[in-house]
Structures are given as structure tokens and as C-alpha cells.
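Written out below as C-alpha cells is the structure these notes cover.
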Amino acid sequence: MQMCRRILGTTLAVLLCAPAAWAQQTHVINKSTLDQAVQQRVSQDEADREALRTFLSNPSVQRVAAKAGLSVDKAGAAVSTLQGDELHRAAAQARTVNEDLAGGATVVITTTTIIIVLLIIILIVALK
């Protein structure tokens, strides 16, 4: 009877531990896919920050900011603190303005408004 209990106990112990051992071996994604996703996110964030820096270095933007009494230097320092959706939205607006200004488009009130709003957003985030 004791032999039967030992065999049954050993069998149950193996059966209970085996699924846990197999579960540890399966992964949802592999390490290289995860590394690639992280690298892609870092690259996108850096491209967004570069678009904002290009925007802030534009002489037209600096003139509008000076007229509005906003500090381009503070906004430039705040660019590195932006992240996530705030960064992507600000960069998308900056790219639009950069393309308009680079294409020789006439700077109209709409572009000026976008510049001021974008600078204010950057400064608000910097003050948080």
C-alpha cells in the first residue's frame, strides 16, 4: 500500500510541476522582436524631437515667439521632456509648419497661430 502511495504521489507531483515548466519555455514574442519594437519607438521619438528642434530654430518661428513674448530657449529645453502623445502631436504640428515655411508658403495668420499654440504647449509641459 505504501508503495502505491509513493508511486501515486510521485506521479501527481510530476504532473503538477510539468505544465509550469513548459509554460516558462513559451514566449509571446521573442527578444529580437521586442528589441526591434523598442528601437523603432526610440527612433520615432528622436525624429519627432528633431522636427521640433528644426521648428524652433526657424527664424520665422523665433520672430513670432519674440513678438508673443515667449522664450524659444525654454521651449527648446522642454523638447527633451516631451514624450508619448504630447510629443507626437507637437511634432506633427511642427512638421506641418516646417513644410509650409520650407516650401516658401506665405506665412498667414493660421501658421502664426499654430506657432504660438505649439510654443505654449511646449512651455506648459516644461513647467510641469
Side-chain angles (χ1 to χ4, degrees):
M1 186 70 158
Q2 278 207 344
M3 182 66 122
C4 185
R5 276 194 238 163
R6 285 184 186 166
I7 291 172
L8 183 60
T10 305
T11 304
L12 286 175
V14 169
L15 289 175
L16 290 175
C17 293
W22 289 320
Q24 292 174 359
Q25 294 175 358
T26 59
H27 298 284
V28 176
I29 58 172
N30 60 24
K31 186 179 183 321
S32 64
T33 304
L34 182 60
D35 289 344
Q36 183 180 10
V38 169
Q39 184 59 39
Q40 183 179 4
R41 175 67 185 257
V42 169
S43 297
Q44 180 62 46
D45 286 354
E46 198 51 45
D48 288 346
R49 285 188 180 89
E50 188 56 36
L52 287 167
R53 287 184 194 106
T54 301
F55 166 77
L56 293 172
S57 67
N58 188 302
S60 298
V61 172
Q62 292 176 350
R63 278 195 305 274
V64 170
K67 286 181 184 177
L70 299 172
S71 171
V72 176
D73 294 332
K74 284 184 181 178
V79 167
S80 61
T81 65
L82 291 173
Q83 51 186 315
D85 289 338
E86 290 176 334
L87 174 62
H88 299 306
R89 279 194 306 266
Q93 292 176 348
R95 284 186 183 100
T96 300
V97 173
N98 287 340
E99 289 170 4
D100 288 346
L101 294 175
T106 305
V107 178
V108 293
I109 293 174
T110 308
T111 306
T112 303
T113 304
I114 291 172
I115 292 170
I116 292 172
V117 168
L118 190 57
L119 285 169
I120 290 172
I121 289 170
I122 292 172
L123 288 173
I124 288 172
V125 171
L127 296 175
K128 284 185 180 179

Check: How many angstroms lie between CG in Leu119 and NZ in Lys74, if you round to the nearest 0.5 Å?
Finding: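 Result: 13.0 Å between the selected atoms.
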Notebook entry, point to check: Between atom CZ of Arg41 and atom CD of Gln83, what is the distance when rounded to the nearest 0.5 Å?
Noted result: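 Interatomic distance, Arg41 CZ to Gln83 CD, rounded to 0.5 Å: 8.5 Å.
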Please find the pair of heavy atoms, one from [X] and one from [Y], that lie closest to each other, and give the distance.
X	Y	result
Leu82	Ala90	CD1-CB, 4.4 Å
Val72	Ala65	CG2-CB, 3.5 Å
Thr54	Ser57	O-OG, 3.0 Å
Asp45	His88	OD1-CE1, 3.3 Å

Could you tell me whether a side-chain N or O of [X] sits under 3.5 Å from a main-chain N or O of [Y], the two making a donor and an acceptor?
X	Y	value
Thr81	Ala77	no
Asn98	Ala51	yes
Arg49	Leu87	no

Check: Tell me, do Val79 and Leu56 make a side-chain contact under 4.5 Å, heavy atoms counted?
Finding: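 A side-chain contact exists here, since the closest heavy-atom pair is under 4.5 Å.
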Margin query: If you define the side chain from C-beta out and look only at heavy atoms, does anything of Asp48 sit under 4.5 Å from Arg95?
Written below: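 Sidechains of Arg95 and Asp48: in contact.
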Assess whether atom [atom1] of [X] is packed by more than 12 heavy atoms of other residues, nucleotides or ligands within 6.0 Å.
X	atom1	value
Gln36	CD	no
Asp85	CG	no
Glu50	CD	yes

Note to self: Just by distance, no angles: are the side chains of Asp73 and Ser71 close enough, under 3.5 Å, to form a donor-acceptor pair?
What the structure shows: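 There is no such pair (donor and acceptor under 3.5 Å, judged by atom type) between the side chains of Asp73 and Ser71.
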